[in-house]
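Below you'll find the structure, written out as structure tokens, and then a few comments.
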Amino acid sequence: MTMDKNPAGDTATGAVGSDDYALSRVPRDKRLGFWTMLLQWLAQSGSISQFTLGATIGVGMTFGDAFLAFTLGAVILEVVIFAIGLAGMREGLATPLLTRWAGFGRNGSALVSLVISVSLVGWFGVQNTIFGDSVSALVGGPSWLWCTAAGIAITVLVIFGFRYMAVFAKIVTPLFFAMVAWSVTDALSDHSFSELIHSPAPGQSIPLAVAATAIAGGFMTGAIVSPEMTRYNRKGSHVFLQSASSMILSEYIVGLTGVLLGHMVGSGQVSQIVLSTSGVFGVLVVLMSTAKINDWNLYGSSLGVVNFFQVVFGKRVHRGAVTIVLGIAGTLLSAVGIMTHFTDFLSVLGVAIPPVGGIIVAEYWVVRRMRAPLDATRDAETLPATSPTWVPMSLVIWAASFCVGKFYDGGIPALNSLLTAFVLYCVLGLAGWVKTYGTTALDDTTEPTPAASGTATVGAP
């Protein structure tokens, strides 16, 4: 991998693509405007899978009950996104780097980075497989060929970083929603809108908690890594308005339209309705929008790997080079059909990631003891000279919260694990039971400290 000779900057001499401030703050003068960032958020709302989710829920719920389910899911996601995303905006840091001063310390951040990276690159491969299978069914040709083509295209886009991804979103997002509006309007034009809203659920009943789990849990990992996007925001109000707009579009417009389609056909298989009246152009737009969502999986994974390599191996690898390696690996695995066998494992990781968000929010906004170095260096747009080396209690809280999310049957698993981590960290942190051990300089040399002074209590006066 290419070594980053300018880790504080956006690019490195001789490196491929953009490093995108993988190991530094995003400078204020490099942040992007409201409308550019809004389109990035809205791009995450535009996918056929969200219509399918809405239709699946609609088969088992009335429109009114589905409205409540989407409201619950949207509120949960928005609270999580704003609490974590605002921290990312204030500090200009992505989630893996932020965790060094927000609950986990240097070594704990490496573990966080590994879990996030494996999860996101795994879902990149899974989505790429779905992408290839869909194109093969629509236009013919072997699935592996389309998987390869899509994986290469997305990898090339992500190599060049956030700004190129933003340009892609500007092109794809308006086209997608214009095409979908045309298709759905045409499909629903022969049916009474009022009758569809008031019609009973055509299939087996789905409990509210199950529906809310599918809605909130499905995007919870994306909510936890929202700082990857919000670090490019200029204002906290922008984070709220953009993420809320994305929730409204994704849950209330796309999701509830899917509910109506589910009532209309009595099935969750509605993708053909969306594609049927849009022709080849519409198919291309839908496929591009799917790629627009999947590029974030690869992008977030690359940021995590960069942090992992610096912590574990003491090397600053360039994000563009990491993207090439991850993109090739994910593409090859999807092309040979292996990735679909790992969905259960990735679902387990989906329960493991939310506690990270709970700990970040608890430390950054409530306990507020580890973040002092971030406060001191924020105006200078530099990183603190040191970070805690270990925060063992955070790892214990993480493990306990994962167990709650995984093995407790009630409620929403992802939310259960997140809330458990938040409450435990707040209680133990304010009581002085969460302590840091050791100090590590940014040049990756650990400072030896006596046992008596090598620990610091989080939450102590």
Side-chain angles (χ1 to χ4, degrees), residues 42-74 76-77 123 126-127 129-131 133-135 137-138 173 176-220 222 246-278 282-283 285-287 289-290 292-294 340 343 347 412:
L42 296 182
Q44 307 307 302
S45 308
S47 70
I48 294 299
S49 62
Q50 188 69 2
F51 281 102
T52 303
L53 173 62
T56 301
I57 290 174
V59 170
M61 304 185 82
T62 64
F63 185 86
D65 288 342
F67 182 89
L68 290 177
F70 275 104
T71 298
L72 179 60
I76 292 171
L77 288 172
W123 285 116
V126 170
Q127 290 293 328
T129 301
I130 297 173
F131 184 104
D133 291 345
S134 299
V135 178
L138 289 169
T173 305
F176 173 81
F177 284 108
M179 183 277 298
V180 168
W182 172 268
S183 298
V184 172
T185 301
D186 181 75
L188 294 175
S189 61
D190 295 331
H191 297 77
S192 169
F193 187 76
S194 177
E195 288 181 2
L196 289 175
I197 289 180
H198 295 95
S199 63
Q204 184 176 358
S205 177
I206 298 176
L208 179 63
V210 173
T213 296
I215 295 166
F219 192 68
M220 188 61 74
S246 178
M247 286 298 102
I248 291 171
L249 181 60
S250 176
E251 313 304 340
Y252 289 110
I253 298 179
V254 176
L256 290 178
T257 298
V259 171
L260 294 178
L261 293 175
H263 279 211
M264 184 180 74
V265 302
S267 168
Q269 303 302 315
V270 298
S271 59
Q272 292 300 322
I273 294 177
V274 180
L275 299 175
S276 61
T277 59
S278 52
V283 171
V285 172
V286 169
L287 296 178
S289 70
T290 303
K292 183 66 203 76
I293 293 175
N294 210 21
T340 52
T343 52
S347 296
I412 302 173

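Note that the structure is predicted; figures quoted are calculated from it, not measured.
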Report summary line: With sequence neighbours left out, the residues meeting side-chain hydrogen bond (donor to acceptor under 3.5 Å, both in side chains) with Glu251 are Gln50
Report summary line: CG (Leu68) and CG (Leu208) are apart, to the nearest 0.5 Å, by 6.5 Å
Query raised in the report: Any idea which heavy atoms bring Pro202 and Gly262 closest together, and the distance?
Result: CG-O, 4.0 Å
Query - Within-4.5 Å side-chain heavy-atom neighbours: Met264 and Leu261 - result: yes
Query - Side-chain touch Leu249/Phe177, heavy atoms, less than 4.5 angstrom - result: yes
Report task. Output the distance between atom OG1 (Thr173) and atom CD (Gln44), rounded to the nearest 0.5 Å. Result -> 8.5 Å
**Report entry** Ala216 to Leu77 - nearest heavy-atom pair and separation
**Finding:** O-CD2, 3.4 Å
Requested in this report: Please check if the side chain of His263 supplies one atom and the backbone of Gly58 the other of a donor-acceptor pair under 3.5 Å.
Outcome: yes
Report summary line: Output for pair (Ile215 CD1, Ile412 CD1), nearest 0.5 Å, gives 8.5 Å
Requested in this report: Not counting sequence neighbours, which residues clear ring pair (Phe, Tyr, Trp, His ring centres under 6.0 Å) with Phe63? List them please.
Outcome: none
Query raised in the report: How about Ile293 and Gln127: do any of their side-chain heavy atoms sit closer than 4.5 Å?
Result: no
Query - Euclidean distance, Ile206 CD1 relative to Thr62 OG1, rounded to 0.5 Å - result: 11.0 Å
**Report entry** Results of side-chain contact (heavy atoms from CB on, under 4.5 Å) for Thr71 - residues two or more places apart only
**Finding:** Phe67, Val75, Tyr252
